[in-house]
*Asks:* 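Please see the structure below; I have some questions.
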Number of protein chains: 2
Amino acid sequence: MATGRTHRPATRSRGIPEATVARLPLYLRALTALSERSVPTVSSEELASAAGVNSAKLRKDFSYLGSYGTRGVGYDVEYLVYQISRELGLTQDWPVVIVGIGNLGAALANYGGFASRGFRVAALIDADPAMSGKPVAGIAVQHADELEKIISDNGVSIGVIATPAGSAQQVCERLVAAGVTSILNFAPTVLTVPDGVDVRKVDLSIELQILAFHEQRKAGEEAPPEEETAPPVAPPAATVKKRTDPGSDGDVPAVMPA
Amino acid sequence: MATGRTHRPATRSRGIPEATVARLPLYLRALTALSERSVPTVSSEELASAAGVNSAKLRKDFSYLGSYGTRGVGYDVEYLVYQISRELGLTQDWPVVIVGIGNLGAALANYGGFASRGFRVAALIDADPAMSGKPVAGIAVQHADELEKIISDNGVSIGVIATPAGSAQQVCERLVAAGVTSILNFAPTVLTVPDGVDVRKVDLSIELQILAFHEQRKAGEEAPPEEETAPPVAPPAATVKKRTDPGSDGDVPAVMPA
DNA sequence: CCATCTTTGTGCACGCGTTCACAAAGGCAT
DNA sequence: ATGCCTTTGTGAACGCGTGCACAAAGATGG
C-alpha cells in the first residue's frame with residue numbers, strides 16, 4: 001500500500017490524523033488573510049499565533065502534508081495556501097444542497113463562508129409547498145419532491161440538513177439513497193447512516209450546555225462545596241412508580257420537584 | 001478536597017473529563033425523549049444506542065458522575081435526567097445575549113433548543129441602528145450601545161457572537177469587560193480572551209471543509225493514486241516574487257495558476 | 001568559502017480518552 | 001432463602017494527540 005517510506009504504518013497522504021485535518025481549515029483561513037495582505041512568507045510561530053494553536057503542533061501538522069517549509073525562513077504563504085487547499089479538496093467545485101429552509105437554512109444559504117472555498121449552493125430544498133419558488137439568498141427554493149432529481153442532475157455529494165429533528169432521519173435517508181455521501185447535520189438528532197457515509201454534527205444547544213457546565217464550575221469555585229453527596233431527589237427505587245405524565249414539558253429538561 | 005474515596009487524583013465532581021462533559025448533553029437529549037415516552041428505566045446498551053455511542057463509554061461516563069444505576073436493571077430515566085441536568089448546570093436559569101442579529105443571529109434567536117434547557121434569551125443586540133426596536137423572535141432588538149447595561153442588569157454570563165468576523169473581537173472584548181465569562185462564537189475568527197473566560201467556536205465553513213476532505217478521499221480511493229509527490233506549482237523558491245495582487249478573491253482560496 | 005543564526009522537522013515521552021473484559025451487585029423466580 | 005441471570009461499575013491495556021527539546025538544514029553576512 002505504501003509507496004516509498006515505510007517507516008510509518010499508514011501511507012503519508014492517507015495517514016493524516018483527524019485532529020490535523022480539523023485544524024487545516026484554521027491554518028487556511030489565517031494564510032488567506034496573510035495572502036490578502038501580500039505577506040510572502042510566515043514562520044510557524046507567527047502562523048500558529050494567528051490560528052490560535054501552538055507552533056509545535058502546527059509544524060507537526062504540516063509535517064504530515066510534506067516538507068513545505070524552508071528552514072531559517074518559514075513557509076511560503078501562497079504555496080502553502082495551495083497545498084492545504086488541495087489536501088482539503090477545495091481546488092475542486094463542491095455542489096451542496098441545503099434541506100430545510102427555515103431560519104437556520106436561510107442563514108446558511110446566506111452565509112458567505114459557504115459560497116467561498118469551493119462550495120457552491122446547488123439548491124435549496126424545503127418540504128413546505130408555500131416556500132417553493134421563493135427566492136432565498138438569490139436562489140429559488142425547490143420542493144422536496146425534486147430532491148432526488150436535483151442531487152442526481154448536479155452530482156451533489158454533500159448535503160446539509162437544517163430541518164426539524166423529526167424529519168432529519170427521513171431526509172437523511174433520501175439524501176443517501178440519491179447518492180449523497182457526506183452530510184452536515186444541524187438537526188438535534190442522531191442520524192443513522194450506512195457505512196461509507198460521513199456525518200458531521202453541529203449542535204448549537206450542546207455547545208451552550210457545555211459552556212453552562214464550565215460556567216457553573218467557575219461560579220461554584222468561590223462558594224463552598226455544596227452537599228452533592230446527598231441526592232435531593234428520590235434515589236432509584238427498586239420498583240419505580242411508572243410516571244404517566246403525558247404533558248411533560250416537551251424539550252425542557254424534566255427537573256424533578258424536590 | 002476529596003470527601004471520601006481518595007483513590008482518584010481529582011475530586012469526583014471536579015474531575016469529569018472534557019470528553020465526557022461534551023457527551024452529557026447527548027445523553028440528556030436521549031433521556032428526555034425516553035422520559036416523554038414515560039419509559040421508566042433504560043439499560044446502558046439501549047441508551048448508548050439512542051445517543052450514538054457505545055455502551056462501555058456511556059457507563060464510564062456515568063461512573064464519573066456517580067453510581068446512579070442499578071445492576072441487573074439499568075438506569076432510572078427521570079433520576080438520571082435530573083442528575084445530568086444538575087451536573088451541567090441546567091437546573092438554573094442562564095440569561096444569554098445574542099450579539100449580531102443578521103441571518104444567523106435571527107436563526108439563533110428563533111432556535112428552540114436555545115430557549116429550552118434553561119437558557120433564556122435576555123437580549124438581542126445589533127450595531128445597526130435600523131435594527132433597533134425591530135422584533136425578532138418576539139424580542140425587540142437593542143442597540144449595541146446598551147450592551148454593557150443589559151449585561152449588568154440581567155446578570156448575563158454567557159454571550160453569543162453572531163457578528164461578521166471583523167467586529168467579533170471588539171464585541172468579545174466589550175462582553176468580557178462587562179462581565180461575560182463564557183462565549184459561543186459563530187464568527188470565523190480566533191478570539192483572544194483573558195484567562196478565566198471560556199470560548200467555544202462553531203464554524204460552519206470548517207465543518208464543510210472537513211467533509212470535503214473525506215469526500216475527496218473517498219473519491220480518490222477508486223481512482224489510481226495520483227502523482228502527489230510532484231508539486232504542480234512552483235516550490236518555495238529562495239527568493240519569492242512578492243505577489244502584488246490587491247484584488248485577490250477575498251475569501252476564496254487562492255489557487256495558484258500552474 | 002566559512003561561520004553564525006534562524007527556523008524547520010521530528011524522535012520521544014507523557015497524558016487523555018477509548019475499549020475490553022470481568023468481578024461485583026442486585027433483582028427475580030422457584 | 002437460595003441460586004441464577006442480567007447489567008453495572010471499573011481495572012487495565014492500548015492508541016492517539018500533544019508538547020518538549022534538539023539536531024539538521026539552509027539562509028545570510030563577512
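The shown structure was predicted, so the numbers you read here are calculated from the model rather than taken from an experiment. Throughout, a chain's letter reflects where its sequence line sits, starting with A, and its residues are numbered from 1.
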*Asks:* For the helix from dC1(C)-dG30(D) to dT30(C)-dA1(D), what angle separates the axis at the start from the axis at the finish, each from five pairs, in steps of 10°?
*Replies:*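 That helix gives 10° between its end axes.
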
*Asks:* Please enumerate all residues that pass side chain to side chain contact (heavy atoms under 4.5 Å, CB included) together with Val96(B), with sequence neighbours excluded.
*Replies:*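 Only Phe119(B), Ile158(B), Val160(B) meet the side chain to side chain contact (heavy atoms under 4.5 Å, CB included) criterion with Val96(B).
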
*Asks:* Between Tyr68(B) (OH) and dA25(C) (C1'), how many Å, whole number?
*Replies:*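 One finds 18 Å between C1' of dA25(C) and OH of Tyr68(B), rounded.
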
*Asks:* Residues in side-chain hydrogen bond (donor to acceptor under 3.5 Å, both in side chains) with Ser205(A), at least two apart?
*Replies:*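 Checked Ser205(A) against side-chain hydrogen bond (donor to acceptor under 3.5 Å, both in side chains); matches are Gln209(A).
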
*Asks:* For Arg37(B) and Leu34(B): C-alpha separation, side-chain torsions, deciding distance, then whether side-chain contact (heavy atoms from CB on, under 4.5 Å) applies.
*Replies:* CA-CA 5 Å; Arg37(B) 287 166 38 208; Leu34(B) 291 172; 3.8 Å; yes

*Asks:* Please identify each residue that fulfils side chain to side chain contact (heavy atoms under 4.5 Å, CB included) with Ala48(A), with sequence neighbours left out.
*Replies:*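 Side chain to side chain contact (heavy atoms under 4.5 Å, CB included) check on Ala48(A) returns Val53(A), Ser55(A), Leu58(A).
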
*Asks:* Once you round it to whole Å, what is the distance between C1' of dT18(C) and CD1 of Ile16(B)?
*Replies:*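 Taking atom C1' of dT18(C) as the reference, CD1 of Ile16(B) is at 18 Å.
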
*Asks:* Please give, in whole Å, the distance from dA25(C) P to Tyr75(B) OH?
*Replies:*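 Rounded to the whole Å, the gap is 16 Å.
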
*Asks:* Give the rounded distance in Å between these two atoms: CG of Leu65(A) and C1' of dT10(C).
*Replies:*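 After rounding, the gap between these two atoms is 15 Å.
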
*Asks:* Please list all pairs meeting salt bridge (charged side-chain N to carboxylate O under 4.0 Å, His left out) that have one or both residues in residues 183-201 of chain A, counting only residues at least two apart or in different chains.
*Replies:*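 Counting only pairs at least two positions apart or across chains, the salt bridge (charged side-chain N to carboxylate O under 4.0 Å, His left out) contacts touching residues 183-201 of chain A are Asp198(A)-Lys218(B), Arg200(A)-Glu207(B), Lys201(A)-Asp203(A).
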
*Asks:* Can you run down the salt bridge (charged side-chain N to carboxylate O under 4.0 Å, His left out) pairs that involve residues 46-58 of chain B, sequence neighbours left out, and say none if there aren't any?
*Replies:*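 Residue pairs with at least one partner in residues 46-58 of chain B: there are none.
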
*Asks:* How long is the line joining CZ of Phe62(A) and C1' of dG17(D), in whole Å?
*Replies:*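 For the pair Phe62(A) CZ and dG17(D) C1', the rounded distance is 17 Å.
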
*Asks:* 5'-most contact on DNA chain D: Ser43(B) or Ala19(A), nearest heavy atom basis?
*Replies:*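 Result: Ser43(B).
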
*Asks:* Is there a side-chain contact between Tyr64(A) and the phosphate of dC16(D), meaning an N or O under 4.0 Å from OP1 or OP2?
*Replies:*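 No.
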
*Asks:* Mark up nucleotides 1-6 of chain C, 5' to 3', with B wherever a protein heavy atom is under 4.0 angstrom from a base atom, S wherever such an atom reaches only the sugar-phosphate, and - elsewhere.
*Replies:* -----B

*Asks:* For Arg23(A), give me all partners under salt bridge (Lys or Arg N to Asp or Glu O under 4.0 Å), at least two apart in sequence or on another chain.
*Replies:*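 Applying salt bridge (Lys or Arg N to Asp or Glu O under 4.0 Å) to Arg23(A) gives Asp61(A).
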
*Asks:* Can you list everything that forms a side chain to side chain contact (heavy atoms under 4.5 Å, CB included) with Val199(A)? Sequence neighbours excluded, please.
*Replies:*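 Partners of Val199(A) under the side chain to side chain contact (heavy atoms under 4.5 Å, CB included) test: Ile183(A), Asn185(A), Leu191(A), Val193(A).
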
*Asks:* Determine whether Ile16(B) and Phe213(A) satisfy the following criterion, side-chain contact (heavy atoms from CB on, under 4.5 Å), listing intermediate values before the conclusion.
*Replies:* CA-CA 11 Å; Ile16(B) 302 179; Phe213(A) 172 83; 4.3 Å; yes

*Asks:* Any ring pair (Phe, Tyr, Trp, His ring centres under 6.0 Å) pairs touching residues 36-63 of chain B, not counting sequence neighbours?
*Replies:*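 Only Tyr27(B)-Phe62(B), Phe62(B)-Tyr75(B) qualify under ring pair (Phe, Tyr, Trp, His ring centres under 6.0 Å).
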
*Asks:* Please report, rounded to the nearest Å, how far the P atom of dG17(D) is from the CG atom of Leu24(A).
*Replies:*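 It works out to 13 Å between those atoms.
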
*Asks:* Going by the rule side chain to side chain contact (heavy atoms under 4.5 Å, CB included), which residues pair with Ala165(B) if we only count those two or more places apart in sequence or in a different chain?
*Replies:*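 If we apply the side chain to side chain contact (heavy atoms under 4.5 Å, CB included) test to Ala165(B), skipping adjacent residues, the hits are Pro188(B), Thr189(B).
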
*Asks:* So which of residues 44-60 of chain A are in contact with DNA chain C, with a heavy-atom cut-off of under 4.0 Å?
*Replies:*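 Correct list: Ser44(A), Arg59(A), Lys60(A).
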
